[in-house]
Undergrad: 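Here it is: the structure, laid out below.
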Amino acid sequence: MSDNFFNKVYKVVEKIPFGRVTTYGAIAKYISSPKASRMVGWALNAYFKNKGFSIPAHRVVNRFGILTGKKYFEGKNTMKELLESEGIYVKKDKILDFNKHFWDPNI
DNA sequence: AATGTGACACAAT
DNA sequence: TATTGTGCCACAT
């Protein structure tokens with residue numbers, strides 16, 4: 001299978017444990033392209049179109065714990081609701097105790 | 001091949 | 001962590 005950038009992103013996101021979150025930057029770094037954080041978001045968007053909610057993209061936020069991608073989650077459940085259902089509380093599009101929920105792909 | 005683009009990150013302010 | 005500006009990379013067209 002491919003070593004595509006997108007594919008790597010896909011695989012990492014898939015591994016994010018329940019109730020945990022990570023950042024675009026962390027993922028980018030993990031796949032050896034620390035500066036390609038923007039692409040991570042784009043990759044998710046691309047897969048999103050093809051596979052819908054098949055990956056927990058709601059567990060990926062920017063490095064401040066802000067739900068920058070919530071606009072792409074418009075549906076029955078907002079990104080916020082999905083996260084709160086996992087015990088991650090969100091206030092004004094920002095994750096509370098973000099570093100407590102942060103998950104590093106290297107682990 | 002060149003240009004546009006984006007769910008970011010970082011430094012400076 | 002607000003805002004603004006710049007850098008950055010890989011994909012789509």
Side-chain angles (χ1 to χ4, degrees):
Chain A
M1 266 295 270
S2 29
D3 289 53
N4 290 346
F5 185 89
F6 278 25
N7 206 315
K8 294 187 190 169
V9 173
Y10 182 59
K11 274 179 61 178
V12 176
V13 174
E14 243 182 352
K15 293 178 180 169
I16 304 176
F18 182 94
R20 290 310 205 60
V21 294
T22 193
T23 72
Y24 302 98
I27 294 172
K29 178 167 191 168
Y30 178 71
I31 62 183
S32 311
S33 299
K35 303 302 172 70
S37 46
R38 308 178 78 171
M39 284 317 311
V40 175
W42 201 11
L44 293 182
N45 188 20
Y47 276 110
F48 201 42
K49 289 193 245 184
N50 293 326
K51 309 190 132 212
F53 290 91
S54 52
I55 57 176
H58 60 279
R59 297 186 187 138
V60 185
V61 295
N62 79 349
R63 77 177 184 79
F64 288 111
I66 296 172
L67 312 188
T68 51
K70 74 170 203 165
K71 40 171 43 188
Y72 293 81
F73 277 81
E74 303 203 22
K76 315 206 155 176
N77 305 319
T78 64
M79 192 170 179
K80 169 177 169 182
E81 288 169 344
L82 288 170
L83 289 171
E84 293 193 333
S85 72
E86 300 190 0
I88 300 171
Y89 288 88
V90 175
K91 171 94 173 177
K92 288 193 190 316
D93 297 340
K94 184 170 127 257
I95 294 177
L96 303 178
D97 292 319
F98 175 60
N99 65 48
K100 202 193 290 189
H101 295 290
F102 179 74
W103 174 79
D104 190 330
N106 301 299
I107 314 294

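Every chain is numbered from 1 and lettered A, B, ... according to where its sequence line falls, protein lines coming before strand lines.
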Undergrad: Is A:Ala43 touching bases, backbone alone, or none of the nucleic acid, heavy atoms closer than 4.0 Å?
TA: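 Since no nucleic acid heavy atom lies under 4.0 Å of A:Ala43, the category is nothing.
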Undergrad: Summarise protein proximity over nucleotides 8-13 of chain C in one line of letters, 5' to 3': B for base, S for sugar-phosphate only, - for none, counting protein heavy atoms closer than 4.0 Å.
TA: BBBB--
Undergrad: Expressed in angstrom and rounded to an integer, what is the separation of A:Ile66 atom CD1 from B:dC10 atom P?
TA: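 Distance check: A:Ile66 CD1 to B:dC10 P gives 13 Å.
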Undergrad: Quick check: do A:Leu67 and A:Thr78 have side-chain heavy atoms less than 4.5 Å from each other?
TA: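 Side-chain contact under 4.5 Å: no.
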Undergrad: Does anything in residues 95-107 of chain A form a side chain to side chain donor-acceptor pair (under 3.5 Å)? List the pairs, not counting sequence neighbours.
TA: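 Sorted pair list: A:Asp104-A:Asn106.
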Undergrad: Using the side chain to side chain contact (heavy atoms under 4.5 Å, CB included) definition, which of the options A:Ile16, A:Val60, A:Ile88 pairs with A:Val21?
TA: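 Exactly one candidate clears the test, A:Ile88.
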Undergrad: A:Asn62 has an atom CG; how far is it from atom C1' of C:dT1, in whole Å?
TA: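 Those two atoms, CG and C1', are 11 Å apart.
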Undergrad: Side chains of A:Tyr24 and A:Thr68, heavy atoms from C-beta outward: is any pair under 4.5 Å?
TA: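 Sidechains of A:Thr68 and A:Tyr24: in contact.
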Undergrad: Measure from the side-chain N and O atoms of A:Asn4 to the backbone N and O of A:Phe6, and report whether any donor-acceptor pair falls under 3.5 Å.
TA: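 No, because the side chain of A:Asn4 does not come within donor-acceptor range (under 3.5 Å) of the backbone of A:Phe6.
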Undergrad: Within this structure, what is the CD1-to-P distance between A:Ile31 and B:dA9, rounded to whole angstrom?
TA: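 Checked: the CD1 to P distance equals 13 Å.
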Undergrad: Would you say that A:Ile31 contacts A:Lys11 through its side chain, given a criterion of any heavy-atom pair below 4.5 Å between the two side chains?
TA: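 Not touching, per the 4.5 Å side-chain cut-off.
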Undergrad: Report the distance from atom CG of A:Asp93 to atom P of C:dA2, rounded to the nearest whole Å.
TA: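 For the pair A:Asp93 CG and C:dA2 P, the rounded distance is 11 Å.
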Undergrad: Scan A:Lys94 against the nucleic acid and name what it touches under 4.0 Å (heavy atoms): base, sugar-phosphate only, or nothing.
TA: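 Touches sugar-phosphate only.
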